[in-house]
Amino acid sequence: RLKVARGEVAILNWETTKDDLVTVEMDQDIGDLTGATEFGVGRLEVPVTQDATYTITARRGDESVTAQVSITAAEGIGPGWYLFDDFELWEEGLILGASQGYWGEPDSTGVTVVSDGGNKAITYSEGNPYTFTRLESFETRDSESRTLFCRVKFANDQVGTSFHFGATNKPLRFVGDLDANLGGYVAITREDGDDNATVAVGGGAGEETEFELLPGIWYKVWVDVTNSPGDAVDTVSIHVLEEGGASRTTLVEDADGDRGTLAPHTLLYLAARGSASTEGGSLLVDSVFVSRDGVLDTDPLDTDDPNLAMR
């Protein structure tokens, strides 16, 4: 099940055998999609006005296979934003199984869906756990920019953890793939024994800032990612707002990352570096959004904004 803002469109993708004898159809009064399927691949935008389940069926002679996706019409999302996940729909447990494969977790088993006072989030254990999902229709192509958004909170336990958040065109197969050459991303780090966490640019020069995140407080984080033209290195800008604060603080603008290729950013990742004492709950991450097009400086969760398209 996915969440999409009421009034927006959901993008349905499917893939079948490349066979002229295969027909494709969908319920919800959509009907025959064979003509919309080329070389076994199809895509359809559907308006989201209410919760709905879509069933697609592929037939060849007397044989048929079906697949389903359920969509929740979400309220209170700012215009121009797409909710990738707030983790509310998943059962508590390891992210790979809990999300039914929506979030991948190769080579690690340390990312877990938990409940924090009734609010679902993900947390990390010791080691180098990470999870990622595919950007699909929100890939950032050459010379394009996009804003990533999430919320983070460090527990008041002085446990060391480093959180990395970004988008990349580098294949992610093993923990070691996160060591370098990702592009640009935000790195939020707390050393063992410290109360506060610091913010820096990941990749490239690793530019550090003087901003500190206090424990026990949710912070909103914006990361503007630019897939620079040609082989120029990607750039990032970072902005942070304490939950309930009046306005966000710009920490870094157009800082260089460490990767530049013509390939689009295809993966959105949430990674951590935990110390030996890191346990689940020391770092929580929630409310992962991406902008639908270009850079946004608005708050996707600002339900008091009079310009919201829905309430």
Colleague: Under 4.0 Å between a Lys/Arg side-chain N and an Asp/Glu carboxylate O for Asp177 and Arg173?
Modeller: yes
Colleague: Is any side-chain heavy atom of Thr57 closer than 4.5 Å to one of Met26?
Modeller: no
Colleague: Determine, step by step, whether Asp51 and Thr72 satisfy the side-chain hydrogen bond (donor to acceptor under 3.5 Å, both in side chains) criterion, reporting the C-alpha distance in whole Å, the side-chain angles of both residues, the deciding distance to 0.1 Å, and the verdict.
Modeller: CA-CA 5 Å; Asp51 295 356; Thr72 296; 4.6 Å; no
Colleague: Can you confirm whether Gln28 is buried at CD, in the sense that more than 12 heavy atoms of other residues, nucleotides or ligands lie under 6.0 Å from that atom?
Modeller: yes
Colleague: With sequence neighbours excluded, tell me which residues meet ring-ring contact (aromatic ring centres under 6.0 Å, His included) with Phe163.
Modeller: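 Partners of Phe163 by the ring-ring contact (aromatic ring centres under 6.0 Å, His included) criterion come out as none, since no residue qualifies.
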Colleague: Check the hydrophobic clustering (I, L, V, M, F, W, Y; side-chain heavy atoms under 4.5 Å; chains of links allowed) and say if Ile11 and Trp14 are grouped together.
Modeller: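 Result: no, two separate clusters.
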Colleague: Taking all non-hydrogen atoms of both residues into account, name the closest pair between Ser162 and Thr189 and its distance.
Modeller: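 The answer is OG-OG1, 2.9 Å.
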Colleague: Given Arg151 and Asp86, is the salt bridge (charged side-chain N to carboxylate O under 4.0 Å, His left out) satisfied, shown in steps?
Modeller: CA-CA 10 Å; Arg151 297 166 67 236; Asp86 60 4; over 6 Å; no
Colleague: Do Leu83 and Val9 share a hydrophobic cluster, counting only Ile, Leu, Val, Met, Phe, Trp and Tyr and linking them when any side-chain heavy atoms are less than 4.5 Å apart?
Modeller: no
Colleague: Does any part of the side chain of Cys150, heavy atoms only, come nearer than 4.5 Å to the side chain of Leu148, both counted from C-beta?
Modeller: no
Colleague: Compare all side-chain heavy atoms of Tyr130 with those of Leu172 and state whether any distance is below 4.5 angstrom.
Modeller: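 A side-chain contact exists here, since the closest heavy-atom pair is under 4.5 Å.
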Colleague: Under 30°, 30 to 60°, or over 60°: which ring-plane class applies to His164 and Tyr185, parallel, tilted or perpendicular?
Modeller: tilted
Colleague: Looking at side-chain heavy atoms only, is the closest gap between Glu212 and Asp195 below 4.5 Å?
Modeller: no
Colleague: For Ala255, what residues pass the side-chain contact (heavy atoms from CB on, under 4.5 Å) criterion, not counting sequence neighbours?
Modeller: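 Expected list: Val201, Glu207, Val236, Val252.
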Colleague: Kindly indicate whether the side chain of Val225, heavy atoms from C-beta on, has any atom under 4.5 Å from the side chain of Thr140.
Modeller: no
Colleague: Anything under 30° is parallel, anything over 60° is perpendicular, the rest tilted; go ahead and classify Tyr102 against Trp90.
Modeller: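 Aromatic pair Tyr102/Trp90 classed tilted.
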Colleague: Are Phe84 and Val69 grouped together when hydrophobic residues (ILVMFWY) are joined by side-chain heavy atoms under 4.5 angstrom apart?
Modeller: yes
Colleague: If we ignore hydrogens and angles and just use 3.5 Å, is the side chain of Thr131 paired with the main-chain N or O of Glu105 as donor and acceptor?
Modeller: no
Colleague: Distance from Lys120 atom NZ to Glu92 atom CD, nearest 0.5 Å?
Modeller: 5.5 Å
Colleague: For Lys170, give me all partners under side-chain hydrogen bond (donor to acceptor under 3.5 Å, both in side chains), at least two apart in sequence or on another chain.
Modeller: none
Colleague: Should the pair Trp103 and Phe87 be assigned to parallel (<30°), tilted (30 to 60°) or perpendicular (>60°) ring geometry?
Modeller: tilted
Colleague: Measuring from atom CD of Gln158 to atom CG of Asp194, what distance do you get when rounded to the nearest 0.5 angstrom?
Modeller: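 Nearest 0.5 Å value for the CD-CG distance: 7.5 Å.
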Colleague: Of Asp157, Asn196, Thr198, Thr161, which is the lone residue that meets side chain to side chain donor-acceptor pair (under 3.5 Å) with Arg190?
Modeller: Asp157
Colleague: Does a side-chain heavy-atom distance below 4.5 Å link Val295 with Trp222?
Modeller: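 Sidechains of Trp222 and Val295: no contact.
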Colleague: Run the numbers on Gln68 and Thr55 for side-chain hydrogen bond (donor to acceptor under 3.5 Å, both in side chains), then give the verdict.
Modeller: CA-CA 4 Å; Gln68 283 188 332; Thr55 302; 2.8 Å; yes
Colleague: Supply the atom-to-atom distance Asp299 CG to Ser287 OG, rounded to the nearest 0.5 angstrom.
Modeller: 9.5 Å
Colleague: Can you tell if the side chain of Leu44 reaches within under 4.5 Å of the side chain of Tyr54, non-hydrogen atoms only?
Modeller: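 Leu44 vs Tyr54: side chains apart.
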Colleague: Hey, what else clusters with Val114 if you join Ile, Leu, Val, Met, Phe, Trp, Tyr whenever side-chain heavy atoms sit under 4.5 Å?
Modeller: Trp218, Leu284
Colleague: Which pairs pass salt bridge (charged side-chain N to carboxylate O under 4.0 Å, His left out) with one or both residues in residues 11-24, sequence neighbours excluded?
Modeller: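 Listed once each, the pairs are Asp19-Arg60.
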Colleague: Working to the nearest 0.5 Å, report the span between NZ of Lys153 and CG of Leu213.
Modeller: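 Answer rounded to 0.5 Å: 12.5 Å.
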Colleague: Would you kindly confirm whether Leu94 and Val113 end up in one hydrophobic cluster when ILVMFWY residues are joined by side chain heavy atoms under 4.5 Å apart?
Modeller: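 No, no single cluster joins them.
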Colleague: Does a salt bridge link Arg292 with Glu8, judged by any charged N lying under 4.0 Å from a carboxylate O?
Modeller: yes
Colleague: Considering all heavy atoms of both residues, which atom of Val24 and which atom of Asp32 are nearest to each other, and what is their separation?
Modeller: O-OD1, 2.9 Å
Colleague: For a 4.5 angstrom cut-off between non-hydrogen side-chain atoms, does Ile30 reach Val46?
Modeller: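 Yes. Closest side-chain heavy atoms under 4.5 Å.
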Colleague: Do you know which two heavy atoms are closest between Glu25 and Arg59, and how far apart they sit?
Modeller: OE2-NH2, 3.3 Å
Colleague: Please tell me whether Val186 and Leu214 are part of a single hydrophobic cluster in this structure, the criterion being side-chain heavy atoms less than 4.5 Å apart.
Modeller: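 Yes: a chain of side-chain contacts under 4.5 Å links Val186 to Leu214.
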Colleague: Pairing donors with acceptors under 3.5 angstrom, does anything connect the side chains of Thr266 and Asn169?
Modeller: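 Result is no, nothing qualifies.
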Colleague: Looking at residues at least two apart in the chain, or sitting in another chain, which of them share a side-chain contact (heavy atoms from CB on, under 4.5 Å) with Asp142?
Modeller: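 Once residues adjacent in sequence are excluded, the partners of Asp142 under the side-chain contact (heavy atoms from CB on, under 4.5 Å) criterion are Asn227, Leu262.
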